[in-house]
There are 2 protein chains.
Amino acid sequence: MPFDRKDVASISYMLDSIPRGRSLGEQVYERLKQAVVKGDIEPGARVVESVIGESLGISRTPVREAIHKLEKEGLLARSPSKGFFVADLKRSDIEETFGIRTVLESYAARLAAVHHRANELAPLAEKVELYQECLDRGDREALLGINTQFHEMLYGLSRSPKLIKMINDLKDQIYRFRRVILNRDDMAKISNEDHRLMLELMRQRDADGVERVVREHLLKGKDFVLVEFDRKGMVKEGA
Amino acid sequence: MPFDRKDVASISYMLDSIPRGRSLGEQVYERLKQAVVKGDIEPGARVVESVIGESLGISRTPVREAIHKLEKEGLLARSPSKGFFVADLKRSDIEETFGIRTVLESYAARLAAVHHRANELAPLAEKVELYQECLDRGDREALLGINTQFHEMLYGLSRSPKLIKMINDLKDQIYRFRRVILNRDDMAKISNEDHRLMLELMRQRDADGVERVVREHLLKGKDFVLVEFDRKGMVKEGA
DNA sequence: CCATGAGCATTTGGATGAAATATGCCGTTT
DNA sequence: AAACGGCATATTTCATCCAAATGCTCATGG
């Protein structure tokens, strides 16, 4: 596959198809991360430097860099002296992650309610309307993207880059289940109603209210994901 | 040779020999991290693979691994195409970090209040007593360690490893200021009173109460640090 | 038939040389 | 004198080589 640095530079206008990192290591990192997060590589599958390297036509060094970062991030784990593999999600991991996301995202929403400027809510309102249209049309594929954008824009108003980064990292860990949530008709509908409510409370700068709505919003999401998790029989409670 | 021999010398002195860890990369990571969070290497100082490697008598590969991890963690930053350097703390970084720590640690305390078993509070009580003794003796050096242990034990009771890890990572980012807080007589005293109160509320399993006390506890810490930051601009403590 | 150990294969870890890259300096040109 | 372009240099980044650790297989001996 085309993974050459010079090529990337020269045809930079079509860079979207290629992971846009400035170094090979970062490109591998992004690509591997997406593969893990989206479930393209199954949990438990081994991730071997030489294998990845060969399949991409590059040496082991950048792959190693990527693997180590992903290990630190918790997406890969290592079996002592066997190698690396995709970390599997236990039920407790989901509960834990949602719990942390809840406090972090409700805090971000609170900050956003306080810090946002009046004209910054318009793009959010647009997303809500767009979401509604797609919902009416039954265009489920679009929902996922719009939903993501709404939340990113909302938390972006918190003006706290570290917080935003932490939230995104946490979201990656359970990305596999995002589709699950919005594929439920009722949930997709409720979701946008929540968004509308958040927006209204933001307008009123009701920090407590927004925080509460976001918390409840995530609680619903957690319950859906857990039901789905249990249904699939992926139940492996550790500890 | 126009490179800064001063950095080489100081880094070399600090990093010389701490040989505990799985792999060389891990050892370098730990050592470098300590050097950065304790302020042994000043913010803004450049961190160059080859320099660190030479001063430790090893190759660049493990050093590179360590540097990249620390960059991801936010302790090092990169100047576009110049190299890596120790990230400096802006005022907004402190405010941001304390804000996030507050929601995370108060959440951890809430979980701890719910999940702890009755006999698990005894070690915490011991720490409070020990702290008091050291305070009465004027043994400030000991306070720092005991304080850390108390909080680690408390959050440990939350039974949420991810949460604990995130809290610890955040603490590292402002570790340089911990000494500042507890060096103030009044603050050191107030601190233990807060701990006592937390413990009592934990016994009563008053989750809301514990959460509130932890939040206020951290708020005080933040204010102290910010005052200190504004006064000096930056704190340099010999270790 | 079972146990044990030696050798083999697999995989990560570390070292080193070579390449890419950006930057600052210096000389030339207008 | 100012601006522009090319060269020297510092530093990261990638590839390749070798070493060390560990599990597995298979043969051999009791």
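Heavy atoms only: backbone and side chains are in, while hydrogens, waters and symmetry mates are out. Chain identifiers are assigned alphabetically (A, B, ...) following the order of the sequence lines, protein sequences preceding nucleic acid strands; residue numbering begins at 1 within each chain.
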K.L.:
Determine, for B/Phe150 and B/Lys127, whether the Lys NZ or Arg CZ falls below 6.0 Å from the six-membered ring centre while staying within 45 degrees of the axis.
P.N.:
no
K.L.:
Does anything in residues 143-157 of chain B form a salt bridge (charged side-chain N to carboxylate O under 4.0 Å, His left out)? List the pairs, not counting sequence neighbours.
P.N.:
none
K.L.:
Given atom CZ of B/Arg22 and atom P of D/dT22, what is their separation to the nearest angstrom?
P.N.:
10 Å
K.L.:
In terms of side-chain geometry, is the basic nitrogen of B/Glu96 or A/Arg159 positioned less than 4.0 Å from the acidic oxygen of its partner?
P.N.:
no
K.L.:
Roughly, in whole Å, what's the span from CD in B/Glu71 to C1' in D/dT13?
P.N.:
13 Å
K.L.:
Could you go through nucleotides 7-10 of chain C and list every protein N or O atom that sits under 3.5 Å from one of its N or O atoms, giving the distance for each pair?
P.N.:
none

K.L.:
Polar atoms only, N or O, under 3.5 Å: list the protein pairs with nucleotides 17-19 of chain C and their distances.
P.N.:
from	atom 1	to	atom 2	distance (Å)
C/dG17	O6	B/Arg60	NH2	2.3

K.L.:
What is the distance, rounded to the nearest whole Å, between atom CZ of B/Phe85 and atom C1' of D/dA10?
P.N.:
16 Å
K.L.:
What nucleotide among D/dC14, D/dT13, D/dC24 has an atom nearest to a side-chain atom of A/Leu24?
P.N.:
D/dC14
K.L.:
Base, sugar-phosphate, or nothing for A/Val63, non-hydrogen atoms under 4.0 angstrom?
P.N.:
nothing
K.L.:
Which of these nucleotides, C/dT12, C/dG14, C/dA15, is closest to any side-chain atom of B/Ile58?
P.N.:
C/dA15
K.L.:
Would B/Arg110 count as a cation-pi partner of B/Tyr107, with NZ or CZ less than 6.0 Å from the six-membered ring centre and within 45° of the ring normal?
P.N.:
no
K.L.:
Tell me: CG of B/Leu76 to P of D/dT12, nearest whole Å?
P.N.:
11 Å
K.L.:
Looking only at non-hydrogen atoms, find the nearest pair between B/Leu89 and B/Gln173 and report the distance.
P.N.:
CD1-O, 3.7 Å
K.L.:
Please report, rounded to the nearest Å, how far the P atom of D/dA20 is from the NZ atom of A/Lys82.
P.N.:
23 Å
K.L.:
Has the side chain of A/Arg64 got a donor or acceptor atom that lies under 3.5 Å from a matching backbone atom of B/Glu65?
P.N.:
no
K.L.:
Applying ring pair (Phe, Tyr, Trp, His ring centres under 6.0 Å), which residue pairs with at least one partner in residues 56-88 of chain A are found, sequence neighbours left out?
P.N.:
A/His68-A/Phe84
K.L.:
Could you check which of C/dA15, C/dG13, D/dT13 has an atom nearest any side-chain atom of A/His68?
P.N.:
C/dG13
K.L.:
For A/Ile67 and C/dG13, what is the distance between atoms CD1 and P respectively, to the nearest whole Å?
P.N.:
9 Å
K.L.:
To the nearest Å, give me how far apart CD (B/Glu65) and P (C/dT12) are.
P.N.:
12 Å
K.L.:
Report which part of the nucleic acid A/Arg64 touches: base, sugar-phosphate, or nothing (heavy-atom distance under 4.0 Å, all strands).
P.N.:
base
K.L.:
Under the side chain to side chain donor-acceptor pair (under 3.5 Å) rule, collect the residues that match up with B/Lys162, sequence neighbours excluded.
P.N.:
none
K.L.:
Quick one: which of C/dT16, D/dC14, D/dA15 gets closest to the side chain of B/Thr61?
P.N.:
C/dT16
K.L.:
For B/Glu71, enumerate each residue passing the salt bridge (Lys or Arg N to Asp or Glu O under 4.0 Å) test, keeping only those at least two apart in sequence or located in another chain.
P.N.:
B/Arg78
K.L.:
Quickly work out the B/Tyr29 OH to C/dG13 C1' distance and round it to whole Å.
P.N.:
18 Å
